Structures are given as C-alpha cells and as structure tokens.
Amino acid sequence: MRLPEITPDELTDEQRTVYDALRSGPRSSATSNLAGRGLPGPYGVWVRAPAIGAPTQELGAAVRFRSGLAENVKEAAICTVGAHYKAKFEFAAHERLALAAGVDQRHLDALREGRPAEFRGPEAIAHSVAAELVESHRLSDETYAAALAEFGTEGVIELVTTVGYYCLISLTLNAFEVPLPAEWDDPFEGTS
C-alpha cells in the first residue's frame, strides 16, 4: 500500500465520521472483523479525504444496497469492471459476492483469464453494458436497447452508475496499490 497504515485512533474528527458511517452502515458486517486493522479496500484510502470519502461511501451504499437491480446482475457488471482494470481487491471481494448471488464460476474464471465470458440472460446484458463502457466508453444502440428492455430506464441508470462507481473503486485500488488481505488468493497473480 502506498499509504501508511492508519488506525482509528489516528483519525481526525472528520475522518472518524466517515469511518463510523462505514462501520455502522450496510457494510458493517464486512468491516466488523477489522478491530485495530483499519478499513479494507478503497475505504482505507477514502477515510483520509473525508470531503470525498463521505459522499463516495454514501454513493457506494446506494449502489450496493438500495439499487433495484438483482444481485447477480450487479455482480456480473462489477466483476467485469474489476477484471478490466485487474483490480485485485475488487475482483477478489466481488467474486465471492457474485458466487453467492448465483453467478456461475466459469464466467468469473473467463473474466479473470481475459477470455470472453458467456453470460446468459440479464447477466449477459449487464456484462455487455459494463464491457462496452470500460472498453469504448459508450453503449451501442443494440446494447442500450437490450438494457432498456430488460431493466427499464431506472435500472439502466442504476447499472451505468454501478459501472462508473466500480471504475472509481478500481482506479483507487490500483493507484494506491491497496493489498489483498493475507488470507485471500490473488486473482491476477503476477500483475502489479
């Protein structure tokens, strides 16, 4: 990690507000085993810049926990973004969530290995939206129409926002070289 370890005792009042929001909000189960270890993933970065960290973590909570998209749909898109950026922490964390949401391991393996993932149904549409946005920065008319038919206007907005939010996470993780927890396997072994 490019940033030095920081403990909750070292946080300013503004940083502590972000930390407390993360620990008490919908992510509390993911951060509950971190006593004395700080915050995992991008949160250990964002807590240091509370003017950005507070609204960013709130957007993340909305994307993850208040969106109307099905979990498998969100996770197909999130893992597509994580694989594109080779964001180790993101992909490793969300591979677990994707499997729990019913995403097939073979699709996740394909993403990790840089092969075409052959998702089906709504997952395929979410993957296409995410892949087109990260690769060409646009949606084709065909993909937009398929997403609109499947998810409706609100759902497409939520899906595009999910992709954008996880691009931000990926860039944050990569820029600050946020490490994986010791007990996690590196999904992109050999990639810095």
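All values reported here derive from a predicted model rather than from experimental measurement.
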Legend entry - E142 atom CD: more than 12 heavy-atom contacts under 6.0 Å: no

Legend entry - Rounded distance (nearest 0.5 Å) linking atom CD of E135 with atom NE2 of H84: 6.5 Å

Inset, instruction - Considering non-hydrogen atoms only, spot the tightest contact between A130 and V81 and give its length. - result: CB-CG2, 4.3 Å

Legend entry - Shared hydrophobic cluster, L97 / L69 (ILVMFWY, side-chain heavy atoms < 4.5 Å): no

Inset, instruction - Please report the shortest heavy-atom distance between I125 and A146, naming the atom on each side. - result: CD1-O, 3.9 Å

Legend entry - T161 vs L59 side-chain heavy atoms within contact, under 4.5 Å: yes

Legend entry - Test log, rule side-chain contact (heavy atoms from CB on, under 4.5 Å), inputs V178 and T172: CA-CA 8 Å; V178 175; T172 300; 5.7 Å; no

Legend entry - Non-hydrogen side-chain atoms of E14 and T17 separated by less than 4.5 Å: no

Inset, instruction - Determine whether T143 and S140 make a side-chain contact, defined as any pair of heavy atoms from C-beta on separated by less than 4.5 Å. - result: yes

Inset, instruction - Using the ring-ring contact (aromatic ring centres under 6.0 Å, His included) rule, collect all pairs that involve residues 97-126, keeping only residues at least two apart or in two chains. - result: H107-F119, F119-H127

Legend entry - Side-chain donor or acceptor of N72 paired with backbone N/O of A98 under 3.5 Å: no

Inset, instruction - Using a strict 4.0 Å threshold on nitrogen-to-oxygen distance, state whether K74 and E158 make a salt bridge. - result: no

Inset, instruction - Supply the atom-to-atom distance L159 CG to L148 CG, rounded to the nearest 0.5 angstrom. - result: 11.5 Å

Legend entry - More than 12 heavy atoms of other groups within 6.0 Å of I52 CD1: no

Legend entry - Min side-chain heavy-atom separation C167-V134 under 4.5 Å: yes

Legend entry - Spacing of I78 atom CD1 and T162 atom OG1 [to the nearest 0.5 Å]: 6.0 Å

Inset, instruction - Treating Ile, Leu, Val, Met, Phe, Trp and Tyr as nodes and any side-chain heavy-atom pair under 4.5 angstrom as an edge, say whether I157 and Y144 lie in one connected cluster. - result: no

Inset, instruction - Taking the side chain as every heavy atom from C-beta outward, state whether L99 and V103 have any atom pair closer than 4.5 Å. - result: no

Legend entry - Side-chain donor-acceptor contact under 3.5 Å, Q15 with E10: no

Inset, instruction - Measure the spacing between OG1 of T80 and OH of Y85 and express it to the nearest 0.5 Å. - result: 12.5 Å

Inset, instruction - Can you see which heavy atom on P122 is nearest to which on V73, and at what distance? - result: CB-CG2, 3.7 Å

Inset, instruction - For residues K86 and F91, determine if any side-chain heavy atom of one lies less than 4.5 Å from a side-chain heavy atom of the other. - result: no

Inset, instruction - Look only at the side chain of R2 and the backbone of A175, and say whether a donor-acceptor pair between them is shorter than 3.5 Å. - result: yes

Legend entry - F89 CZ to S170 OG distance, which is reported to the nearest 0.5 Å: 12.0 Å

Inset, instruction - Over all heavy atoms of both residues, which pair between F151 and V156 is shortest? Give the atoms and the distance, please. - result: CB-N, 4.1 Å

Inset, instruction - Give a yes or no on whether a salt bridge exists between E58 and R66, defined as a side-chain N under 4.0 angstrom from a carboxylate O. - result: yes

Legend entry - Sub-4.5 Å side-chain heavy-atom contact between E177 and M1: no

Legend entry - Atom of F188, atom of R112 and distance for their closest heavy-atom approach: CE2-O, 3.6 Å

Inset, instruction - Flag the pair R23 and D20 as a salt bridge only when some basic side-chain nitrogen lies within less than 4.0 angstrom of an acidic carboxylate oxygen. - result: no

Legend entry - Nearest non-hydrogen partners of K88 and P187, listed with the distance: O-CG, 3.6 Å

Legend entry - Validation row: I169, W46 side chains within 4.5 angstrom (heavy atoms): yes

Legend entry - Donor-acceptor contact below 3.5 Å, side chain R115 vs main chain L111: no

Inset, instruction - State whether the number of non-hydrogen atoms from other residues, nucleotides or ligands found under 6.0 Å of E154 atom CD is greater than 12. - result: no

